[in-house]
Amino acid sequence: MDEEKAEMIARGETPFFEPGLNDLLKLSIEKRFFKVSKDPLETVLNTDVTFITVGTPGREDGSIDLTYVKEASHDIGRALRLKESWHLVVVKSTVTPTTTRSIVKPTIEEASGKPHGSSFGICVNPEFLREGSAVEDTFKPDRVVIGELDSKSGDELEAIYREFYGVNMPPILRTTPSNAELIKYASNAFLAMKVSFINTIANLCERIPEADVSKVAEGMGMDRRVGSLFLKAGLGFGGSCLPKDLKALGAFSKSLGVEPPLVEATLKVNEAQPLKAVEMAEELAGSLGGKQVAILGTSFKPDTDDVREAPSLKIIKLLLEKGADVAAYDPASLNNVRKIFGNRITYAPSAKACLKDADVAIVVTEWEEFKELKPEDFKELMKRPLVVDGRRVFKVQEFKDKNVAIKAMGFGPLTSLPPKP
Ligand code: UGA
């Protein structure tokens with residue numbers, strides 16, 4: 001639908017930053033594996049399978065907007081009216097339980113004039129890839145989940161994946177459409193809950209001498225029932241998926257008369273978590289009015305240029321409200337930040353340029369390159385070496401030994417500040 005993006009993709013350029021994707025796209029276009037079309041009818045008529053991958057944006061009340069899913073279903077139905085041979089429709093978009101059966105199916109049936117099962121079948125096939133490692137996750141997923149409205153379609157989709165993955169076929173779960181739809185939401189909500197849980201423990205650690213959340217998480221993760229992944233404390237989860245999906249699950253649950261207290265608590269912890277960065281900066285530097293604050297990392301996680309729901313946005317907004325001068329650096333996402341803050345903040349060309357003359361530095365996103373920064377860099381470049389490590393990228397003791405005042409997420413109380421210049 002977006003002409004500009006369609007043309008970029010057709011030229012072999014990805015319209016966003018995702019490691020490895022551009023090379024893969026170029027190769028697919030060169031080898032003619034892949035073609036871009038702006039005509040949905042032509043696309044459906046010339047293929048055997050259609051994946052619906054459109055967005056399902058969140059609405060004010062948390063529920064999802066199904067406009068694009070309905071439009072796509074309608075377009076597919078119009079094409080199927082003209083098609084004689086069998087067609088498989090796969091819903092990959094994240095939709096709340098029963099959407100596929102109660103909205104996608106009747107919309108296609110009405111537009112095509114044909115009943116489901118006669119000349120087309122439908123499956124729900126949720127997507128579990130992460131931004132920043134989308135290519136790797138696509139080739140090596142933990143599982144494939146297929147929710148089938150009819151077993152012929154389930155067999156067909158399973159065969160497609162078996163051909164695609166060959167000997168590396170991941171475990172497969174075939175189930176009802178409602179289960180498949182709910183597996184997606186329950187997975188994202190559970191991951192988000194783990195993050196909010198460890199952030200709660202991190203906040204507690206900060207009040208306990210000699211406590212360190214990273215060690216606590218390591219010890220917890222050694223229990224196979226807990227698992228070590230998604231236990232990294234930080235400034236909260238962002239992105240286009242976890243916050244939106246949690247809100248949608250909460251709203252959906254309430255619509256059925258079921259209270260979702262864990263979902264609500266997960267979101268509540270996450271609302272407050274980014275603001276901890278500002279509190280920590282104030283503990284180190286006092287009032288931030290008129291002070292120069294360096295923000296290292298603005299994308300919602302490393303290896304992406306996506307700033308949707310990024311903790312950095314909340315942090316920068318609060319810093320500006322407090323009258324601070326903000327300089328930001330990020331290896332990929334500054335163009336997107338500029339669209340939001342314009343000339344209200346400055347944009348640095350490198351991490352070191354960002355630190356120059358700053359009163360306090362805050363690491364908001366754990367990009368690999370920030371791990372290269374040494375205590376000496378902060379001492380040489382900043383007015384005073386005051387560092388908030390919101391993502392635990394530095395060795396706290398090493399920084400303290402070198403007289404850099406550091407407040408690190410989930411690390412016990414700070415003892416002393418370096419002398420004023
Ligand atoms: C998430 C899920 O992980 C994917 O499985 C799912 O397919 C995707 O949503 C989706 O629904 O499309 P994504 O949003 O790309 O993927 O990123 P995550 O790796 O889940 O990270 C989300 C946020 O949680 C980031 O802000 C990250 O910094 C934060 N996080 C993650 C932590 O703070 N601590 C952790 O231990 C892990």
Side-chain angles (χ1 to χ4, degrees), residues 16-19 21 53-58 64 91-96 125-138 140-145 170 180-203 213-214 216-218 220-221 226-249 266-267 269-274 276-277 297-315 330 332-333 363-368 370 389-393 409-410:
F16 49 81
F17 172 70
E18 180 65 42
L21 191 59
T53 61
V54 295
T56 50
I64 53 170
V91 179
K92 243 200 189 301
S93 303
T94 299
V95 293
T96 42
N125 177 216
E127 181 53 60
F128 302 107
L129 62 79
R130 294 160 298 172
E131 286 181 38
S133 49
V135 172
E136 198 194 331
D137 290 351
T138 300
K140 289 184 199 150
D142 283 351
R143 78 294 210 190
V144 169
V145 173
E181 289 161 331
L182 192 52
I183 285 168
K184 169 72 190 190
Y185 280 101
S187 300
N188 271 1
F190 195 81
L191 291 172
M193 193 174 68
K194 279 187 95 174
V195 174
S196 276
F197 183 85
I198 201 66
N199 284 341
T200 304
I201 300 296
N203 298 344
V213 73
S214 59
V216 176
E218 192 182 331
M220 287 168 66
V226 177
S228 60
L229 301 176
F230 267 73
L231 281 186
K232 196 155 188 331
L235 295 169
F237 57 81
S240 66
C241 302
L242 299 191
K244 173 180 85 86
D245 289 355
L246 256 88
K247 286 177 196 151
L249 181 61
T266 300
L267 285 167
V269 171
N270 201 54
E271 275 297 303
Q273 200 63 14
K276 289 225 37 177
T298 47
S299 54
F300 85 96
K301 61 186 268 187
D303 295 326
T304 174
D305 61 358
D306 196 345
V307 297
R308 285 175 290 175
E309 303 266 347
S312 65
L313 304 183
K314 284 188 192 160
I315 294 168
D330 187 278
S333 71
V363 178
V364 181
T365 315
E366 68 277 32
W367 283 90
E368 218 33 55
F370 299 154
D389 182 357
R391 297 282 180 184
R392 300 299 301 269
V393 298
M409 178 57 65

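Just follow the structure's listing: the first ligand is 1, and inside any ligand the first atom is 1. Side chains included, hydrogens not; waters and symmetry mates left out as well; all remaining heavy atoms used. From a predicted model like this one, the values you see are computed outputs, not experimental measurements.
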Would you compute the distance between atom [atom1] of [X] and atom [atom2] of [Y] and round it to the nearest 0.5 angstrom?
X	Y	atom1	atom2	result
L249	T96	CG	OG1	9.5 Å
N188	L246	CG	CG	8.0 Å
S299	D306	OG	CG	8.5 Å

Original post:
Between K184 and E127, is there a salt bridge with N-O shorter than 4.0 Å?
Top reply: no

N/O pairs closer than 3.5 Å, ligand 1 and protein:
unit_1	atom_1	unit_2	atom_2	d
ligand 1	5 (O)	F128	O	2.8
ligand 1	7 (O)	E127	O	3.4
ligand 1	7 (O)	F128	O	3.2
ligand 1	7 (O)	L129	N	3.3
ligand 1	7 (O)	L129	O	2.7
ligand 1	7 (O)	K184	NZ	3.3
ligand 1	11 (O)	K184	NZ	2.7
ligand 1	11 (O)	N188	ND2	2.8
ligand 1	15 (O)	E131	N	2.7
ligand 1	17 (O)	K301	NZ	3.2
ligand 1	19 (O)	K301	NZ	2.7
ligand 1	26 (O)	G238	N	2.9
ligand 1	26 (O)	F300	O	2.8
ligand 1	33 (O)	R391	NH1	3.3
ligand 1	34 (N)	K232	O	2.8
ligand 1	36 (O)	L231	N	3.3
ligand 1	36 (O)	K232	N	2.8

Subject >> Residues that T94 engages under side chain to side chain donor-acceptor pair (under 3.5 Å), provided they are two or more places apart >> reply: none

Subject >> Six-ring centre of F300, R308 cation under 6.0 angstrom, axis tolerance 45° >> reply: no

